[in-house]
Peer 1: 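Dropping a structure here in structure tokens format, bear with me for questions.
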Amino acid sequence: MFERPRGTRDFGPEEMAERRKLENILRRTFESYGYHEVMTPTFEHAELFVERSGPGILDEMYTFKDKGGRELSLRPELTAPVMRFYAQDMQRSPKPLKLYYFGPAFRYERPQKGRYREFWQMGLELIGADTPQATAEMISVAYDSMKNAGLKNFRLRIGDVKILKNFLDSIGKNDRDTMRAIDKRDTELPDEIMEFISMNNPEELENHGPEDEVEHYRNVLDLLSSAGVEYVMDLGIARGLDYYTGVVFEIEAPELGAEKQICGGGEYRLAELFGAQPVATSGFAIGFDRTLLALKKDGFKAELKGPDAYVIGSKETISEAFALARKMRNAGCIVEMELTGKGMGKALKKASSIGSKYAVLVGEDEVESGEYTIKDLSSGEQRKMPLEELLSLCPSDKEGY
RNA sequence: GCCGGGGUAGUGUAGCCUGGUAGCAUCAGGGACUGUGGAUCCCUUAGGUCGGGUUCAAAUCCCGGCCCCGGCCCCA
């Protein structure tokens, strides 16, 4: 027996239905803001991620040498690949450029609930716009994503690392340890820092700098407020986000425990790192698996759809039944056929257990008369109808493709 | 990587403390029922995570691996 590798998952039909449902909701939300999907390779040169995240990332990546001696890594996130794509091929695209992605990422970490070695991210990058409305809109995509998915209990926190760093500089505390302590809300933080990160009203920023950034930050918050986006101001967002340059935000689902962060992003500079002309950029990534976990706690479900019809033939009529099933499918129906040669009783039982709307009986009588017996499996009613009428029961459009 | 909890048929569980026949439910397959279903009854398949130790005897006690779970770290 083989087991799946540690930290990976298999998804059965029911779970895939849920994943597709959430995926579609998020896609629709992103697209409602004019974003278009892109896709990049699952592996990249290892250096790409080191450039973006620092050498520490090497410990959590799946890195290997290919037969040509190239150092490659399974991507641990998708922002760097998308920005690499931008730098390589899309610098001349009209701005603002709105790109979104959905796909798996890989990290070698100890798995637990909400943390897997293969996990999915859906996110976006907004390239070439840094006005308050650009950033506010970007954040509002993330907010709407959670709302549209039906997540009840989540919290959007918005901070600004430029303002935070400026403050820490002014008191001589702009260092990694302090940032880490702030992020963890370490109670041993000096009072002046606690006071700073406890501010929850933009008005209080009056005497803090830098002035243009404070104004930008306040404009972003104002725009969100006026549009009805609920958030809390939190200047204590300070995760190892070296490449973030201004407004940053996180969304968390408190009921998830240790792995409660389901979305994170902000304004950043990366293009230059990858050899492109400098451009203002912002974006975020949603932890798809975590979001789904949080949603399921709120009762998120997707039903597996049964077929429209279940065609049951007899030994003598198999070829007619087989052909009929195909005609119905071409007319737009989802049709299953009895494949195991069960008797009528078992076949009907099967049809209703998989949730088929109708059973279509194709026996010798039917073949002779050209009228098929169709039975409504929920009401139990049945009657005979010719092929044409039967086909008219199928949804005529094939928009599903 | 660190600290802690756990792993019994496909799934959910009982037994473990106080070693000695592994039980129940459900699902799946088949039958009662050879053209009419969700019911009932019967039958079948199928199990103590893996390796080592203690013992006459290990699901049960001890050690290690693997996997899952809670937390730390880091992050989505």
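Hydrogens, waters and symmetry mates are skipped; everything else that's a heavy atom, side chains included, is used.
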Peer 1: Among side-chain atoms of Gln382(A) and Thr373(A), is any donor-acceptor pair under 3.5 angstrom?
Peer 2: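 Side chains of Gln382(A) and Thr373(A): no pair found under 3.5 Å.
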Peer 1: Using a 4.0 Å heavy-atom cut-off across all strands, classify Arg107(A) as base, sugar-phosphate, or nothing.
Peer 2: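 Answer is base: heavy atoms of Arg107(A) come under 4.0 Å of a base.
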Peer 1: Over all strands shown, is Gly355(A) touching base, sugar-phosphate only, or nothing at heavy-atom distances under 4.0 angstrom?
Peer 2: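 Nothing, no nucleic acid heavy atom in range.
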Peer 1: Counting only distance, no hydrogens or angles, is the base of U49(B) paired donor-acceptor with the side chain of Glu3(A) under 3.5 Å?
Peer 2: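 Answer is no: no donor-acceptor pair is held.
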Peer 1: Would you mind telling me which of U36(B), C73(B), C67(B) lies closest to the side-chain atoms of Arg6(A)?
Peer 2: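 Side chain of Arg6(A) sits closest to C67(B).
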Peer 1: Looking at Phe300(A), I'd like to know if the NZ or CZ of Lys21(A) sits under 6.0 Å from its six-membered ring centre while staying within 45 degrees of the ring's axis.
Peer 2: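 Yes, a cation-pi geometry holds between Lys21(A) and Phe300(A).
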Peer 1: By centroid distance (under 5.5 Å) and plane angle (under 30°), are Phe288(A) and A76(B) in a stacked arrangement?
Peer 2: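 The ring of Phe288(A) is not stacked on A76(B).
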Peer 1: Would Arg9(A) and Glu15(A) count as a salt bridge (charged side-chain N to carboxylate O under 4.0 Å, His left out) here? Give the steps.
Peer 2: CA-CA 11 Å; Arg9(A) 291 155 297 155; Glu15(A) 195 159 11; 5.6 Å; no
Peer 1: Output the rounded distance in Å from CD (Glu250(A)) to C1' (C75(B)).
Peer 2: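 Glu250(A) atom CD is separated from C75(B) atom C1' by 10 Å.
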Peer 1: Parallel, tilted or perpendicular for Phe30(A) and Tyr100(A), by the 30°/60° rule?
Peer 2: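 If you compare the ring of Phe30(A) with that of Tyr100(A), the planes turn out perpendicular.
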Peer 1: Base, sugar-phosphate alone, or nothing: which one does Tyr116(A) contact when heavy atoms must sit under 4.0 Å apart?
Peer 2: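 Since a base atom lies under 4.0 Å of Tyr116(A), the category is base.
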Peer 1: Are Gln112(A) and C68(B) close enough that a side-chain N or O sits under 4.0 Å from OP1 or OP2?
Peer 2: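 Answer no for this pair, as no side-chain N or O of Gln112(A) is under 4.0 Å from OP1 or OP2.
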Peer 1: So what does Leu377(A) touch, heavy atoms closer than 4.0 Å: a base, only the sugar-phosphate, or nothing?
Peer 2: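 Base, at least one base heavy atom under 4.0 Å.
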Peer 1: So what does the secondary structure string of RNA chain B come out as, 5' to 3', with Watson-Crick or wobble pairs under 3.5 angstrom, [ ] for crossing and | for pairs with another strand?
Peer 2: ((((((((.[[[[.)....(..]]]].(((((.......)))))....[[[[[..)....]]]]])))))))....
Peer 1: With a non-hydrogen cut-off below 4.0 angstrom, is Gly257(A) in contact with a base, only sugar-phosphate, or nothing?
Peer 2: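 Sugar-phosphate only.
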Peer 1: Just call it for Gly343(A): base, sugar-phosphate, or nothing, with non-hydrogen atoms closer than 4.0 Å on any strand.
Peer 2: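 Result for Gly343(A) = nothing.
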Peer 1: Please determine if Lys162(A) and Glu267(A) form a salt bridge, counting it only when a charged side-chain N lies under 4.0 Å from a carboxylate O.
Peer 2: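 The answer is no: the pair does not qualify as a salt bridge.
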Peer 1: NA contact type, Glu366(A), heavy-atom cut-off 4.0 Å: base, sugar-phosphate, or nothing?
Peer 2: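 Since a base atom lies under 4.0 Å of Glu366(A), the category is base.
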Peer 1: Would you say the side chain of Arg290(A) and the base of C75(B) hold a donor-acceptor pair, judged only by whether the two atoms sit under 3.5 Å apart?
Peer 2: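 Checked by distance alone, the answer is yes.
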Peer 1: Dump the intermediate steps for side chain to side chain donor-acceptor pair (under 3.5 Å) on Thr135(A) and Glu137(A), then the final yes or no.
Peer 2: CA-CA 5 Å; Thr135(A) 299; Glu137(A) 187 186 90; over 6 Å; no
Peer 1: Starting at CZ of Phe119(A) and ending at C1' of A76(B), how long is that distance when rounded to a whole Å?
Peer 2: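 My rounded result for the distance is 6 Å.
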Peer 1: Just to be sure I understand the rule, does Leu361(A) reach a base, reach only the sugar-phosphate, or reach nothing, if contact means heavy atoms closer than 4.0 Å?
Peer 2: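 Since a base atom lies under 4.0 Å of Leu361(A), the category is base.
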